[in-house]
Amino acid sequence: MSAERGIVEKVEPGWAWVKTKRSGGCSSCGSRHHCLSQGGDKMLVKAQNTARAKKGDEVELYLSSKTKLKGTAIVYLIPVLGIFVGAFSANPLSAAIGLNPSLGMALFTFTGLVAAIFLMRYLANRMDTEQSLIPTVKRVVFSARTNPIKRV
C-alpha cells in the first residue's frame, strides 16, 4: 500500500476532504476526478473516512498497491499490446482481403490501438464503479483535538 499524508479540510458523512501535495502520478490517475486542484502543488482529495478523522486532523491516505499496479497496466501495457496485435495480424489479414501490405499494416496497427483505447476506457470505468480507485483514510497521525498545532 502506498500512503500520502495530508490535513482534513472538511468532513462529510463517510468521507473526508484531505489537503495534500500533488504527486507526479496525479496526471495519469484514474481517480483524479475525486480531487480538486488548490493551485501549485496542493490539492484536495475526497477519501473514504474509515478512521473517523475530524477537521484539522493530520491523516494518512492509502491506495492499495494492487490498484496502482492494475492502473499502470491499463495505461501502459494495453495500448502497446493493441499496437502489437494489430501490427502482427496485418500481413495475414491484408493477404486474406487483398489489401496492399503497407496500407494494411497502417490500417490494422491503428485499429489495434483504437481497440486498446476502448478496452482501457472499459476497464477504467469498471474499476471506478467498483470504487477501487478511491483512496481511504486509514489512520489519524495527529489529532486536532489533542494536538491543536496547525500543520500544512
Side-chain angles (χ1 to χ4, degrees), residues 1-90 93 104-152:
M1 283 195 154
S2 65
E4 293 284 332
R5 283 193 179 192
I7 305 293
V8 176
E9 294 288 315
K10 181 176 153 184
V11 177
E12 298 171 357
W15 298 93
W17 286 91
V18 181
K19 187 178 209 175
T20 187
K21 279 187 125 175
R22 181 178 298 278
S23 67
C26 291
S27 60
S28 63
C29 177
S31 187
R32 65 183 172 273
H33 60 276
H34 288 282
C35 306
L36 298 172
S37 178
Q38 294 278 286
D41 65 343
K42 299 288 184 194
M43 66 180 190
L44 272 178
V45 178
K46 185 177 182 182
Q48 291 178 337
N49 191 3
T50 58
R52 296 188 180 131
K54 304 290 184 217
K55 184 177 179 179
D57 289 353
E58 183 175 346
V59 297
E60 282 189 348
L61 296 171
Y62 288 94
L63 189 62
S64 75
S65 298
K66 179 181 172 183
T67 300
K68 282 186 154 187
L69 190 59
K70 270 184 173 177
T72 302
I74 288 170
V75 170
Y76 294 109
L77 292 180
I78 290 177
V80 171
L81 289 174
I83 289 170
F84 280 144
V85 168
F88 287 123
S89 65
L93 291 174
M105 179 64 77
L107 180 69
F108 289 114
T109 302
F110 181 72
T111 303
L113 177 61
V114 170
I117 289 170
F118 280 112
L119 179 61
M120 284 173 45
R121 290 183 54 102
Y122 168 75
L123 292 174
N125 288 337
R126 193 169 123 204
M127 285 179 73
D128 192 35
T129 57
E130 293 171 357
Q131 294 190 342
S132 61
L133 297 173
I134 299 173
T136 306
V137 176
K138 291 277 189 182
R139 182 170 86 100
V140 176
V141 179
F142 292 109
S143 176
R145 296 174 299 268
T146 59
N147 193 358
I149 299 171
K150 184 74 174 177
R151 290 173 175 71
V152 177

Under the side-chain hydrogen bond (donor to acceptor under 3.5 Å, both in side chains) test, residues paired with Thr67 that sit two or more places apart: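 With neighbours one apart ignored, the set is Ser64.
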Going by side chain to side chain contact (heavy atoms under 4.5 Å, CB included), name the residues that satisfy it together with [X], two or more places apart in sequence or in a different chain.
{"X": "Val11", "value": "Val8, Asn49"}
{"X": "Leu113", "value": "Pro79, Ile83, Ile117"}
{"X": "Leu93", "value": "Ser89, Phe108"}
{"X": "Phe88", "value": "Phe84"}

Nearest 0.5 Å please: distance from the [atom1] atom of [X] over to the [atom2] atom of [Y].
{"X": "Ile78", "Y": "Tyr122", "atom1": "CD1", "atom2": "OH", "answer": "11.5 Å"}
{"X": "Leu63", "Y": "Leu61", "atom1": "CG", "atom2": "CG", "answer": "9.5 Å"}
{"X": "Trp15", "Y": "Lys10", "atom1": "CH2", "atom2": "NZ", "answer": "13.0 Å"}
{"X": "Lys19", "Y": "Glu9", "atom1": "NZ", "atom2": "CD", "answer": "5.0 Å"}
{"X": "Trp17", "Y": "Met43", "atom1": "CH2", "atom2": "CE", "answer": "11.0 Å"}

From CA spacing to verdict: salt bridge (charged side-chain N to carboxylate O under 4.0 Å, His left out), Glu60, Lys138: CA-CA 6 Å; Glu60 282 189 348; Lys138 291 277 189 182; over 6 Å; no
With Lys68 via salt bridge (charged side-chain N to carboxylate O under 4.0 Å, His left out) - residues at least two apart: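 Testing Lys68 for salt bridge (charged side-chain N to carboxylate O under 4.0 Å, His left out), a comparison that skips the adjacent residues, returns none.
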All salt bridge (charged side-chain N to carboxylate O under 4.0 Å, His left out) counterparts of Arg121, not counting sequence neighbours: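 Arg121: no salt bridge (charged side-chain N to carboxylate O under 4.0 Å, His left out) contacts found.
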With Val18, the side chain to side chain contact (heavy atoms under 4.5 Å, CB included) member among Asp57, Val137, Leu44: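 Among Asp57, Val137, Leu44, the one meeting side chain to side chain contact (heavy atoms under 4.5 Å, CB included) with Val18 is Val137.
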Nearest heavy atoms of Met105 and Ala90, plus distance in Å: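 Heavy atoms only, the tightest pair is CA-CB, 3.6 Å.
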